[in-house]
Amino acid sequence: MNLQKLERELEYIYETLLKHESTADSIAASVHPQYRSSAKNLYRYLLLRSMDIRKLQSDLSELGISSLGTGAGYVYENISNALKLVKLLNGKTWERNGDLEALGFAGSKNLLMDHANDLFASDHGERDTEIMVTMPDEAATDKKLIKKLHSAGMGIARLNLSHGNEALWNKILNKIKAVSKESDSPIHIYMDLPGAKN
């Protein structure tokens, strides 16, 4: 492995991000302020994934450095840290451009948690996995079935709209809402839309 070549490859990626930062800023300015950091990071991620970094990832993994694949939530800082470590291996010191907004590992986890809690109208902090159950047709007439599923831990009731009809779905929805109200515990509802039929 050529450490100098690895450094140059990381520098190219880093410089590409810097070169496109005005576009990232423009995209971020076009979305709700709450999602600007996420929009900017998504653009950086798309830039990174527009390059073939497979060999680079292997070389970084061999050195025990982040292979850039796990840093999707904090692209700029992940690349900066990898570059800094490779430069240290080459006997150099380096600091990233501190003027650019950067989400680190902890910051990206907190942002994801905040967005998830907003989406699910919750303030529980870090979320555990929720159990999702696809509703059978029987749920339209059997409220006890839904109660039993909810008591067993179902947090999400899924309706597959590829099957049944509007009347059936409404009956199931009404039963779910009744169980949720009686138990004073939310049941989230996911509805899968059918795809194109040949």
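None of the values given here were measured: they were computed from a predicted structure. As a basis for the values below, the full set of heavy atoms in this structure was taken, side chains included, without hydrogen atoms, waters or symmetry mates.
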Here the ring pair (Phe, Tyr, Trp, His ring centres under 6.0 Å) pairs for residues 83-102, sequence neighbours left out, are Tyr14-Trp94
- Evaluate the criterion side-chain contact (heavy atoms from CB on, under 4.5 Å) for residue pair Ile176 and Met135; output intermediate values, then yes/no. CA-CA 10 Å; Ile176 294 168; Met135 294 290 99; 4.1 Å; yes
Hydrophobic clustering (ILVMFWY, side-chain heavy atoms < 4.5 Å, transitive) - are Met191 and Leu168 grouped together?
yes
Minimal heavy-atom distance between Lys40 and Ala24, with the atoms involved, is CG-CB, 3.7 Å
Nearest heavy-atom contact between Leu68 and Ala82 is CD2-CB, 4.1 Å
Smallest heavy-atom separation, Ile27 atom then Ala39 atom, equals CG2-CB, 4.3 Å
Note: Ser185 and His150 closest approach over all heavy atoms is OG-NE2, 3.3 Å
Q) So, Asp142 and Lys144, do they make that salt bridge, N to O below 4.0 Å? A) no
Please determine if Lys147 and Glu182 form a salt bridge, counting it only when a charged side-chain N lies under 4.0 Å from a carboxylate O. yes
Under a single-linkage definition using a 4.5 Å side-chain heavy-atom cutoff for Ile, Leu, Val, Met, Phe, Trp and Tyr, are Val133 and Leu173 assigned to the same hydrophobic cluster? yes
Check: So with a 6.0 Å cut-off around NZ of Lys171, is the heavy-atom count from everything else above 12?
Finding: no
Q) Should Glu7 and Lys92 count as an ion pair when the cut-off is N to O under 4.0 Å? A) yes
CG (Asn97) and CD (Glu21) are apart, to the nearest 0.5 Å, by 8.5 Å
query: So, the side chain of Ser180 versus the backbone of Lys177: is there a donor-acceptor pair under 3.5 Å, distance only?
result: no
Review point. Is it true that Lys5 and Glu9 have a side-chain N and a carboxylate O under 4.0 angstrom from each other?
Key: yes
Under the side-chain contact (heavy atoms from CB on, under 4.5 Å) rule, what do Lys175 and Ile172 come out as? Steps first, then yes or no, please.
CA-CA 5 Å; Lys175 294 280 188 295; Ile172 295 172; 5.8 Å; no
In this structure, CG of Leu60 is separated from CG of Leu6 (nearest 0.5 Å) by 5.0 Å
Discussion item. Would the distance check show the side chain of Asn78 and the main-chain N or O of Ala72 forming a donor-acceptor pair, the cut-off being under 3.5 Å?
Written reply: no
* Are the side chain of Asn81 and the backbone of Glu77 linked by a donor-acceptor contact shorter than 3.5 Å? -> yes
To the nearest 0.5 Å, atom OH of Tyr35 lies from atom CG of Leu111 at 9.5 Å
### Message
Does Gln4 have more than 12 heavy atoms from other residues, nucleotides or ligands lying within 6.0 Å of its CD?
### Response
yes
On a heavy-atom basis, the closest approach of Ala29 and Arg36 is O-NH2, 3.6 Å
What one should report as the nearest heavy-atom pair of His163 and Trp169 is O-NE1, 2.8 Å
**Item:** side-chain contact (heavy atoms from CB on, under 4.5 Å) evaluation trace for Asp114 with Gln34
**Value:** CA-CA 10 Å; Asp114 289 345; Gln34 182 178 358; over 6 Å; no
request  = Quick one: do Thr134 and Asp192 satisfy side-chain contact (heavy atoms from CB on, under 4.5 Å)? Show the steps, please.
outcome  = CA-CA 10 Å; Thr134 300; Asp192 280 353; over 6 Å; no
